[in-house]
Number of protein chains: 2
Amino acid sequence: MVKRTSFEHDDCPIARSLDAIGDWWSMLIIREALFGISRFSEFQKRLGLAKNILTVRLRALVDQGILKTAPASDGSAYQEYLLTLKGRGVFPILVALRQWSEEFDEHPEEIATILVDKEKGKPVRKLELYSQDGRLLSAGDTALKPRAVVKQGGRLTA
Amino acid sequence: MVKRTSFEHDDCPIARSLDAIGDWWSMLIIREALFGISRFSEFQKRLGLAKNILTVRLRALVDQGILKTAPASDGSAYQEYLLTLKGRGVFPILVALRQWSEEFDEHPEEIATILVDKEKGKPVRKLELYSQDGRLLSAGDTALKPRAVVKQGGRLTA
DNA sequence: CAATCTAGTTTAATAATGCAACCATAGGGG
DNA sequence: CCCCTATGGTTGCATTATTAAACTAGATTG
């Protein structure tokens with residue numbers, strides 16, 4: 001690679017998200033964390049990834065404020081990894097990924113679980129995107145607008 | 001890597017999606033395609049990725065039925081890459097990624113664009129997840145249920 | 001018909017990933 | 001106190017992926 005491309009300071013928010021959590025393991029670690037997994041060894045067992053990789057990923061997630069370490073909680077003298085607010089904010093992304101598989105995968109019969117609402121136990125609806133005045137939007141109904149920014153000099157830039 | 005782990009036949013739909021489009025470039029290629037980009041050189045210019053990688057990614061996306069090649073359209077004798085229905089279905093994932101950055105990024109002032117609805121030009125709302133009976137759900141209101149599957153033998157499995 | 005554009009392929013270097021083996025600390029048994 | 005196991009890593013090395021840059025070959029343009 002001669003240096004792997006970083007999107008950390010890209011002006012596209014999608015690229016920025018991908019830079020933060022856009023690899024297989026980070027996303028799956030957050031998925032497990034949302035299930036309540038918090039211990040190093042539990043992550044390692046459930047995901048089956050190499051421990052050194054887990055170490056690196058956990059550290060990166062902590063550095064980015066997606067996970068935080070807590071001294072313990074279940075009595076044992078070890079630490080645990082807990083989601084921050086930012087980390088819990090990844091939930092819609094995971095739901096979107098899940099629903100894409102459910103809708104388009106060629107072997108949906110291999111999918112083992114369904115996302116349901118706790119209260120009724122029924123499958124959730126598809127994620128919906130609305131305009132401010134309440135119209136349901138699809139990709140074609142949207143556009144990108146440059147964010148108007150007033151810089152120090154007072155000039156208007158994109 | 002000694003063979004990168006594949007999630008192609010994982011039973012988790014999130015893992016399956018990640019296996020298909022869970023790398024930086026694939027996601028960004030689809031983003032560009034949603035903007036109407038369809039030519040090899042355009043993708044390469046806009047994303048700034050190495051051409052060999054673009055070749056591999058485009059081929060993988062076509063193999064997976066996310067893009068399809070069409071013989072031409074603007075007269076020139078070259079081919080173009082177009083999104084399939086499955087490809088356009090990635091849109092909510094990209095919206096979720098975008099909104100996560102918008103909400104949690106530490107330098108939101110570096111984000112250059114806003115997603116608006118075409119009709120009014122106003123920013124869209126956050127993606128919303130509803131239960132079948134219309135309640136707005138957050139992560140804590142949901143659970144995973146094993147998908148009941150009736151196998152050949154007639155036994156019920158998870 | 002020479003120059004340039006398109007859509008790649010090839011090559012060589014560098015970076016990331018994975019496996020396995022090792023290490024340090026805590027707690028428990030004897 | 002000594003040995004054993006579990007937790008939470010670290011280190012080394014082999015393999016694989018990504019990249020930039022050079023090269024091709026057909027299509028288009030001047």
Side-chain angles (χ1 to χ4, degrees), chain A residues 1-10 15 18-29 32-33 36-64 67-82, chain B residues 1-8 10 15 18-30 32-33 36-64 67-82:
Chain A
M1 278 182 188
V2 162
K3 204 58 195 290
R4 141 88 109 311
T5 319
S6 162
F7 299 120
E8 199 183 339
H9 297 293
D10 198 284
L18 291 175
D19 195 74
I21 54 174
D23 63 288
W24 310 269
W25 295 126
S26 296
M27 210 79 98
L28 294 176
I29 288 168
E32 296 300 326
I37 300 304
S38 65
R39 298 280 291 264
F40 185 95
S41 55
E42 274 292 302
F43 284 117
Q44 207 250 314
K45 220 175 298 172
R46 294 178 57 112
L47 295 173
L49 84 172
K51 292 198 292 178
N52 51 350
I53 303 291
L54 181 56
T55 301
V56 172
R57 287 290 177 280
L58 286 174
R59 224 193 300 282
L61 290 171
V62 169
D63 287 350
Q64 292 179 107
L67 293 176
K68 63 189 170 201
T69 49
S73 90
D74 59 336
S76 70
Y78 306 106
Q79 65 177 354
E80 54 181 14
Y81 295 90
L82 299 174
Chain B
M1 288 186 177
V2 160
K3 204 58 194 292
R4 140 96 104 316
T5 318
S6 162
F7 299 119
E8 199 183 338
D10 200 283
L18 290 175
D19 194 75
I21 53 172
D23 64 288
W24 310 271
W25 295 128
S26 297
M27 210 80 94
L28 295 177
I29 288 168
I30 295 168
E32 297 300 327
I37 301 304
S38 65
R39 299 280 291 261
F40 185 95
S41 55
E42 275 293 300
F43 284 116
Q44 207 252 317
K45 220 176 297 173
R46 295 176 57 108
L47 295 173
L49 85 173
K51 294 196 291 179
N52 52 348
I53 301 294
L54 180 57
T55 300
V56 172
R57 287 289 177 281
L58 286 175
R59 225 191 300 280
L61 290 171
V62 169
D63 286 350
Q64 290 178 110
L67 293 177
K68 62 187 169 205
T69 50
S73 89
D74 60 337
S76 71
Y78 304 107
Q79 66 178 352
E80 54 183 13
Y81 295 90
L82 298 174

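Convention: sequence-line order gives letters A, B, ...; per-chain numbering from 1.
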Between Glu32(B) and Arg46(B) (side chain of the first, backbone of the second, donor and acceptor by atom type, cut-off under 3.5 Å), is there such a pair? no
Could you tell me whether the side chain of Gln44(A) and the main chain of Ala50(A) form a donor-acceptor pair under 3.5 Å? no
Find out whether Asp10(A) and Asp19(A) are in side-chain contact, i.e. whether some heavy atom of one side chain is under 4.5 Å from a heavy atom of the other. no
So does Arg59(B) get a side-chain nitrogen or oxygen closer than 4.0 Å to the phosphate oxygens (OP1/OP2) of dT9(C)? yes
If the cut-off is 4.0 Å, is Gln79(A) near the phosphate of dG9(D), judged by side-chain N/O to OP1 or OP2? yes
Of all the choices, [options], which nucleotide is nearest to the side chain of [X] once you look at every atom?
{"X": "Tyr81(A)", "options": "dG8(C), dT19(D), dG9(D)", "result": "dG9(D)"}
{"X": "Arg39(A)", "options": "dT17(C), dG8(D), dG8(C)", "result": "dG8(D)"}
{"X": "Asn52(A)", "options": "dG8(C), dT11(D), dA20(D)", "result": "dT11(D)"}
{"X": "Ser41(A)", "options": "dT7(D), dT19(D), dG8(C)", "result": "dT7(D)"}

Report which part of the nucleic acid Thr55(B) touches: base, sugar-phosphate, or nothing (heavy-atom distance under 4.0 Å, all strands). base
Nearest-Å distance, [atom1] ([X]) to [atom2] ([N])?
{"X": "Asp23(B)", "N": "dA16(C)", "atom1": "CG", "atom2": "P", "answer": "16 Å"}
{"X": "Ile29(A)", "N": "dG8(D)", "atom1": "CD1", "atom2": "P", "answer": "14 Å"}
{"X": "Phe40(A)", "N": "dT25(C)", "atom1": "CZ", "atom2": "P", "answer": "17 Å"}
{"X": "Ile53(A)", "N": "dG9(D)", "atom1": "CD1", "atom2": "P", "answer": "14 Å"}
{"X": "Leu54(B)", "N": "dT10(C)", "atom1": "CG", "atom2": "P", "answer": "16 Å"}
{"X": "Leu58(B)", "N": "dG8(C)", "atom1": "CG", "atom2": "P", "answer": "8 Å"}
{"X": "Trp24(B)", "N": "dA15(C)", "atom1": "CH2", "atom2": "C1'", "answer": "11 Å"}
{"X": "Lys51(A)", "N": "dA6(D)", "atom1": "NZ", "atom2": "P", "answer": "12 Å"}

Go through the steps to decide whether Lys51(A) and Phe40(A) satisfy the test side chain to side chain contact (heavy atoms under 4.5 Å, CB included), and finish with yes or no. CA-CA 9 Å; Lys51(A) 292 198 292 178; Phe40(A) 185 95; 4.0 Å; yes
Distance (rounded to the nearest 0.5 Å) between [X] [atom1] and [Y] [atom2]:
{"X": "Tyr81(B)", "Y": "Lys68(B)", "atom1": "OH", "atom2": "NZ", "answer": "14.5 Å"}
{"X": "Leu58(A)", "Y": "Phe43(A)", "atom1": "CG", "atom2": "CZ", "answer": "6.0 Å"}
{"X": "Ile37(A)", "Y": "Ile29(A)", "atom1": "CD1", "atom2": "CD1", "answer": "12.0 Å"}

Does Trp25(A) form a side chain to side chain contact (heavy atoms under 4.5 Å, CB included) with Leu54(A)? I'd like the steps, not just the answer. CA-CA 8 Å; Trp25(A) 295 126; Leu54(A) 181 56; over 6 Å; no
Listed in order of residue number, which residues of residues 42-50 of chain B have a non-hydrogen atom at under 4.0 Å from DNA chain C? none
Distances under 3.5 Å between protein N/O atoms and the N/O atoms of nucleotides 27-30 of chain D, please, pair by pair.
{"unit_1": "dA27(D)", "atom_1": "O4'", "unit_2": "Tyr78(B)", "atom_2": "OH", "d": "3.2"}
{"unit_1": "dT28(D)", "atom_1": "OP1", "unit_2": "Ala77(B)", "atom_2": "N", "d": "2.9"}

Given the rule in the side chain to side chain contact (heavy atoms under 4.5 Å, CB included) test, do Leu18(B) and Leu28(A) qualify, once you have shown the distances and angles that lead to the verdict? CA-CA 9 Å; Leu18(B) 290 175; Leu28(A) 294 176; 4.0 Å; yes
Between Val62(A) and Thr69(A), is the side chain to side chain contact (heavy atoms under 4.5 Å, CB included) condition met? List the steps. CA-CA 7 Å; Val62(A) 169; Thr69(A) 49; 4.2 Å; yes
